[in-house]
Amino acid sequence: MDIKLDDALEAAKQLLGCKLVHQTPEGITSGTIVETEAYTSEDPASHTFRGQTKRNKVMFGPAGYAYIYFTYGMHYCFNIVTGPIGSGQGVLIRALEPVDGIELMKARRGMNDERQLTNGPAKLVQAMGITKSDYGANLLDSGKLRVEPGIKPKKVTQTTRIGIGQAVDHPWRFYTTGNPYVSKLS
DNA sequence: TGAGTGATTGACT
DNA sequence: GTCAATCACTCAT
């Protein structure tokens with residue numbers, strides 16, 4: 001694996017342009033990561049800020065694992081654990097550009113608009129067919145769910161994060177500049 | 001043991 | 001543009 005996951009902020013930048021691949025009985029879906037957010041245990045907005053819980057224990061494990069959590073009663077979000085064991089860091093994947101299995105994604109999402117398939121944290125989880133059974137999966141191994149190195153985007157925009165109530169001023173959101181698949185362009 | 005909160009989305013006015 | 005849906009976990013009695 002050529003992706004460095006030592007530091008959440010650095011990893012958030014490195015993951016842009018990488019490919020997320022999921023193999024399921026229905027087929028393979030994959031997408032290029034175009035939007036990420038970094039979270040650390042020092043961040044009041046992070047799930048790890050208040051310490052380890054049953055829900056987020058994977059975040060305190062070794063880097064390169066999948067942290068999938070449930071929120072608002074109906075939505076899942078997908079994170080990649082970063083940093084040394086016990087540091088509680090991670091990178092939230094907010095948006096993908098669909099590559100393989102687009103028809104399957106459309107079927108899962110129940111719509112035909114490609115840009116609407118994966119332009120949000122919970123949307124991409126649904127489109128990729130990721131479930132809580134993928135919680136704790138090793139993404140660097142050649143398992144069903146994995147991250148593959150990709151081409152670094154030529155231009156990356158760094159900005160403030162979205163959809164959280166605290167520490168909103170931290171510029172820890174990254175996305176591929178000009179890519180139409182990011183969750184929020186304006 | 002119980003109430004409050006949230007890294008969101010989709011449907012409705 | 002506004003609002004409801006609904007689960008896991010935290011914080012407070």
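Residue numbers start from 1 in every chain, and the chains themselves are labelled A, B, ... in the order their sequence lines are given, proteins ahead of strands. FYI, side chains are in, hydrogens and waters are out, and symmetry mates aren't considered; it's all heavy atoms of this structure.
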Compute whether any side-chain donor of one residue and acceptor of the other, for [X] and [Y], lie under 3.5 angstrom apart.
X         : Y         : result
Glu35(A)  : Thr176(A) : no
Thr48(A)  : Ser46(A)  : yes
Arg109(A) : Gln126(A) : yes

TODO: For the residue pair Gln158(A) and Arg173(A), establish whether any side-chain heavy-atom pair is separated by less than 4.5 Å.
DONE: no
Within a strict 4.5 Å, meaning less than it, do heavy atoms of the Leu15(A) and Glu10(A) side chains meet? no
For Phe70(A), the ring pair (Phe, Tyr, Trp, His ring centres under 6.0 Å) test, sequence neighbours excluded, returns Tyr76(A)
Residue set satisfying ring pair (Phe, Tyr, Trp, His ring centres under 6.0 Å) with His47(A), at least two apart, ordered chain then number -> Tyr69(A)
Footprint ends on DNA chain B, 5' to 3', for atoms under 4.0 angstrom from a heavy atom of chain A, come out as dG6(B) to dG10(B)
Salt bridge (charged side-chain N to carboxylate O under 4.0 Å, His left out) filter on Asp6(A), not counting sequence neighbours, yields none
With sequence neighbours left out, the residues meeting salt bridge (charged side-chain N to carboxylate O under 4.0 Å, His left out) with Glu42(A) are none
In numerical order, the residues of residues 34-49 of chain A whose heavy atoms come under 4.0 Å of DNA chain C are none
Numerically ordered, the residues 109-125 of chain A set in heavy-atom contact under 4.0 Å with DNA chain C is none
- Query: Any donor and acceptor pair, going by atom type alone, linking the side chain of Ser30(A) with main-chain N or O of Asp100(A) inside 3.5 Å?
  - Reply: yes
Hydrophobic cluster identity match, Leu117(A) and Ile28(A), side-chain contacts under 4.5 Å
no
Going by chain and number, the hydrophobic cluster around Trp172(A) (ILVMFWY, side chain to side chain under 4.5 Å) further includes Leu9(A)
I need the [atom1]-[atom2] distance between [X] and [N], as an integer number of Å.
X        : N      : atom1 : atom2 : result
Lys54(A) : dA8(C) : NZ    : P     : 11 Å
Ile68(A) : dC7(C) : CD1   : C1'   : 16 Å
Gln52(A) : dC9(C) : CD    : P     : 12 Å

Each base of DNA chain C marked ( ) or [ ] if paired in-strand (Watson-Crick or G-U under 3.5 Å), | if paired to another strand and . if unpaired gives |||||.||||||.
Below 3.5 Å, can you tabulate the donor-acceptor pairs from side chains in residues 137-147 of chain A to any protein atom, sequence neighbours excluded?
{"from": "Asn138(A)", "atom 1": "OD1", "to": "Leu140(A)", "atom 2": "N", "distance (Å)": "3.0"}
{"from": "Asn138(A)", "atom 1": "OD1", "to": "Asp141(A)", "atom 2": "N", "distance (Å)": "3.4"}
{"from": "Arg146(A)", "atom 1": "NE", "to": "Glu148(A)", "atom 2": "OE2", "distance (Å)": "3.0"}
{"from": "Arg146(A)", "atom 1": "NH1", "to": "Gly143(A)", "atom 2": "O", "distance (Å)": "3.2"}
{"from": "Arg146(A)", "atom 1": "NH2", "to": "Glu148(A)", "atom 2": "OE2", "distance (Å)": "3.3"}

Residues at least two apart in sequence or cross-chain that pass side-chain hydrogen bond (donor to acceptor under 3.5 Å, both in side chains) with Thr71(A), listed by chain then number, are none
Residues in residues 71-100 of chain A with a heavy atom under 4.0 Å of DNA chain B, by number, are Thr71(A), Tyr72(A), His75(A), Asn79(A), Leu92(A), Arg94(A)
| message | Here's one to test your reading of the geometry: is the NZ or CZ of Arg94(A) within 45 degrees of the ring axis of Phe174(A) and under 6.0 Å from its centre? | response | no
